Structure formats: C-alpha cells, structure tokens
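Note that the structure is predicted; figures quoted are calculated from it, not measured. Residue numbers begin at 1 in each chain, while the letters A, B, ... track the order of the sequences.
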Amino acid sequence: MANYEDYIEAIKQKDDQAFEYIYNSTKNSVYAIIVAIVKDKDIANDLMQDTYMTMIEKINQYKRGRNFKTWLLTIARNKAIDYYRKKQNEVLIDISESEYILPKTQATSERNKLVEEMLNLLTDIERQVFLLSIMENLTHREISKILKIPIGTSLWHYQKAIKKIKKVKGSDEHET
Amino acid sequence: MRLKEKIDLIKEELNSEIKPLDSNKLLADAHIEPVISSKPKYKFFSLRFQTVFLTILVLAIIIPFALSNIIKKTSEDMDQPDATASLDDKVYSFIATSAVALTYSTIDIFADDNSLTNSESSFLVANKLNDLNRYLAPIQLMLSMNKNNYYPQISNNDKYANKIVYEGFGLLNEELYYDIYYNEERLPFNKIEIEALIIHGDVSTKLFGVVETINNNVILKMTHYIDENNESNYFQIIKNLNDNKDSYYYMIVKEDQVISNNKLTLFENEQPYAILENLLLQTQKTKFTIYSEDNTTFNIEYQIEAPSNEYNSDHSEGMVVEESGNIKVNVQEDTSSFVVYSNNSSKTFTYSKPIK
C-alpha cells in the first residue's frame, strides 16, 4: 500500500508535485467507482474533479494513520451517489438509456462497444466491486470498507461479475 | 478472447476516458478548511445524533432543505470517513426492518386471534408479555444491526428515487436481506412526505411517512396500513429527530382505537440494551429494562406501577410498584420461551410464545 502521509502534509501547503503524485496513483480507482455509478464518462470526469477538490478542501479532516485511499474513494462514491439521487429527483431517467456505461454516441469503436457490452451485463454493485478490483487491484477488504459490504459479499459479487464477463464473446470470436 | 485480455481491455478503455486535470487551477481554487480542534470522543450513536441535533438546529433556520440536507451533510461528513451510510439510512433501515418485524408480530391483533392473549398465571406481567414479545424482533434486529450492513444504492425501481440495501445475518444466523426503496417530497410548511417500499423475501411492506415540525421538534412518522383501503387499522413508528436518545414510539391502532402505545429506547453497546415502556395506560405503567445476555437470551427486569392515593416518598408522581421481577427470554427459531420470576411471589412460570 502506498504511503501518502508525507504527500498529504505537502498538499496542505498546496504543493503541486504532491497533488500530482496522489492524483496519478489514485485516479484510476476514483474514476472507476464514479463511472460504475453514474455510467457517463463526461459526468464521471466532472465528479472526479469535484472529488479531488473536496479532498484538498477537507484534507485537514483526514486523520493520519487511516487508509487514505479508502477515505478518498468514499468521497468519490458519495459524490456519485449524491449526483445520481439529485438527477433522479429532477427527471425520470429512461432506464434503458441509463443502462449504458457510455452514451451510445460515444461508443464508437469495436473495443468500446465490447467494453460497454461487458459492463452492461453487471448489476450496479457487481460493477462497482469489479471495477475497483481490476483498476488498481484493490483487495476485497478495501473494497468492502468502501462499499460497506462484508468481504465475502464483495468476493461473491466479484466472482459473479467474472462469470458474466467470461461468457461475453470477444471481438475475434465474433469474427469467426 | 481470454478473460485476462478482456480485463486488460476494460482497464485500457476506462483509463483512456480519464481527462487530464488542471492541478494548478484546482489547487489555486481550493480553499482548504482550517484544522478543527479535536472533539471529545462519543460513542457511535452519540456522535451521530449529536450531528443530527446540530443539523436540526441549523435546519430550524434553513428548514426548507430539511431531510435532504441531513443526508448531504452526513454523507460528506469527513470527520467520519467511513460514513457512506448516512444517518438517515440508519434511521430508515431500522424503521423499515422493525416495521417488517411488526407486520408479523401484530398478525394476532389484526386477525382477531385471541389465543395468545390469555395466560393462566396470576402474575400481572403475564398479560403484558404479548406486547413485550412484539418488540423482541425489532430489538433483535437492532442487536444484529451492528454486525450487518446497510448502504445506499442506486434505485432499480423506477417508482422510487432512493434505495438502501440492508443485508447480513440475524441473531439466529438467518439470512437477512431487505431492499428499502423510498421517495421524499418536500411540501409547504417545512413538511416532507415519504413513501417507502420494503422488500423482504416475498413480502412487500409499504410505509407512508411524514417529517414535520411540531412544537419546535422535527418528527418523523412512518405508518403501515394493514389494508391500504382501510385507514382504520395500522401501526405507526414515530421518531423525534431532535431527541438525542435513540428512541422510537410504536403505536398500534385497530378500528381507530389505539390498542398499544410503547416507547422503545435503544442503547448501542451498553447495558441495559433497551427499555420498553408502555405509554397507553395512564393508570398502569409497565417498564421492561432489557439486558442482552448473549445473542439469543434476554434478561429483562420489569416493573408495573399503578397510581397510589397515599403519599409515597419513593414515587413522587404518586405511583406505587404493584409488581416487579425478572424475565428470562430465550429466543428459539420459531418461539421464545419466557421464564418469569416475580419479586412479589416465590412462584415462577414458564411458557412459550411464537416469535417472528
């Protein structure tokens, strides 16, 4: 596990290099948890920016010795859920549309379509567990803390996700 | 394509979607909040309710934001970095799960089944055990709540905007899984209406709720109608959100008559674990102080008071203890057995009652 403590102290002084280090070592999992919930890459990028802004602004509330990444990912998840709840209060979402991990217009390449196809097979919780696990090899203990589920449940959702992904035929298999 | 290749493909595609961040601008725009002086350590519950209490005071001024603000405030409460489940999630979870428990334990009342209400014992408490029995299930749920999980999820029911999942295992190692869906609608005069649906196995329970300010207290009332076409039969769970204690009021109404009205106060990780007080009869007060011996055994002290015409130095309100004693309750899978020892009698009596 990366030791962020020195960088956190430097962020309190608005040190650019410290922020870059933390950003580069956490951005994949932060993006993964947000996009798993909001299912839109543009919104996910906006919420990612909000997440890091909140991280900087609340940095004094982070308690030394705690798991920094879990803390940051909890902020990210709350941002995504808050967004989703607000959006649902504003308009009724077309469920069929919201099932797409990416808007249809953005899903252009074959690779992109295949990724979309695989992730659309997963339930919300499976997608969150699966993406957190693969994007930065988070352990199920870490995932269970972030998602507030037992470790066994995390593992169970991960295995279900893997089974579903396995069943999807890859692009080469489509061609044959 | 092999699994590893598929996973690599997903990683590559998602990583390529991440737009670069202007870190200089972000750092320049961010206003780092000052260090907060260390707060005294409270137990989990005290801290949560302290937060709510303070929130409510703020809400008294900015009340139109009411409940949704509580959610926002707690979900971003960075002092508790693990607080993904907001306080409202916990309150909703407890009310929802105890409502489901009550749908089972009040069956006898609404089905006019009197077979459980008669007791051959001469103990006064014997007639109160049905009421106690009804609340053992919610109390057990609260006991298991510490071990279980409740967390917000994106609603997959297009009629409801919000969803909380409650899952884990009960005290008898039975699997618990509740999907709690709800909508909140803000109305004039600082009122919020809540509509909730709880799915527990094959059973769906609907709750209708309202949050309103009454005498400067913010009160949450959740009602379950036994028959949606008949508003005369229902039970209602009430929580004063200003109350620093974790207290819930349960009222059972049959044919527009209040037939049971109890206050349940829970203490997390403390003994006694819970206090159940009967509020219905002004002429006779019953209080059960509940200690949990282990997961399936409760030790309960009980006291029944009645008004006294004579001055009594121990009971300034003019009440005198009519009967007191201990009850040991052992909860089995389908029944709970009660062994009652009264201080007023050398006798004991035992009987079993179904519990859901």
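Contact of A/Gln49 with chain B is made through backbone and side chain together, with heavy-atom distances under 4.5 Å. Heavy atoms of B/Leu3 lying under 4.5 Å from chain A belong exclusively to its side chain. Looking at B/Asp22, neither its backbone nor its side chain comes within 4.5 Å of chain A, counting heavy atoms on both sides. In this structure, chain A has no heavy atom under 4.5 Å from any part of B/Glu185. For a residue to count as touching a neighbouring chain, one of its non-hydrogen atoms must lie under 4.5 Å from one of that chain's; by this rule A/Ile37 touches chain B with backbone and side chain alike. In this structure, the portion of A/Asn45 lying under 4.5 Å from any heavy atom of chain B is its side chain and not its backbone.
A/Met135 contributes atom CE, which lies 8.0 Å from atom NZ of B/Lys11 (distance to the nearest 0.5 angstrom). If you take CD on B/Glu33 and CG on A/Asn60, they are separated by 8.5 Å, rounding to the nearest 0.5 Å. Of the inter-residue distances, the one linking A/Glu116 atom CD with B/Ile10 atom CD1 reads 12.0 Å to the nearest 0.5 angstrom. The CD1 atom of A/Ile134 sits 8.5 Å away from atom CG of B/Asp8, with the distance rounded to the nearest 0.5 Å.
Annotation for A/Gln17: atom CD does not count as buried by contact number, only 12 or fewer foreign heavy atoms lying within 6.0 Å.
Taking the side chain as every heavy atom from C-beta outward, A/Arg111 and B/Glu12 approach each other to under 4.5 Å. Residues B/Ile32 and A/Lys14 are in side-chain contact: their nearest non-hydrogen atoms beyond the backbone lie under 4.5 Å apart.
Every residue meeting the ring pair (Phe, Tyr, Trp, His ring centres under 6.0 Å) condition with A/Tyr52, not counting sequence neighbours, appears here in chain and number order: A/Phe19, A/Tyr23. Applying the side chain to side chain contact (heavy atoms under 4.5 Å, CB included) criterion to A/Glu57, with sequence neighbours excluded, gives A/Met53, B/Ala30, B/His31.
Top candidate by heavy-atom pairs under 4.5 Å with chain B, chosen from A/Leu72, A/Val30, A/Asn28, A/Thr123, is A/Asn28.
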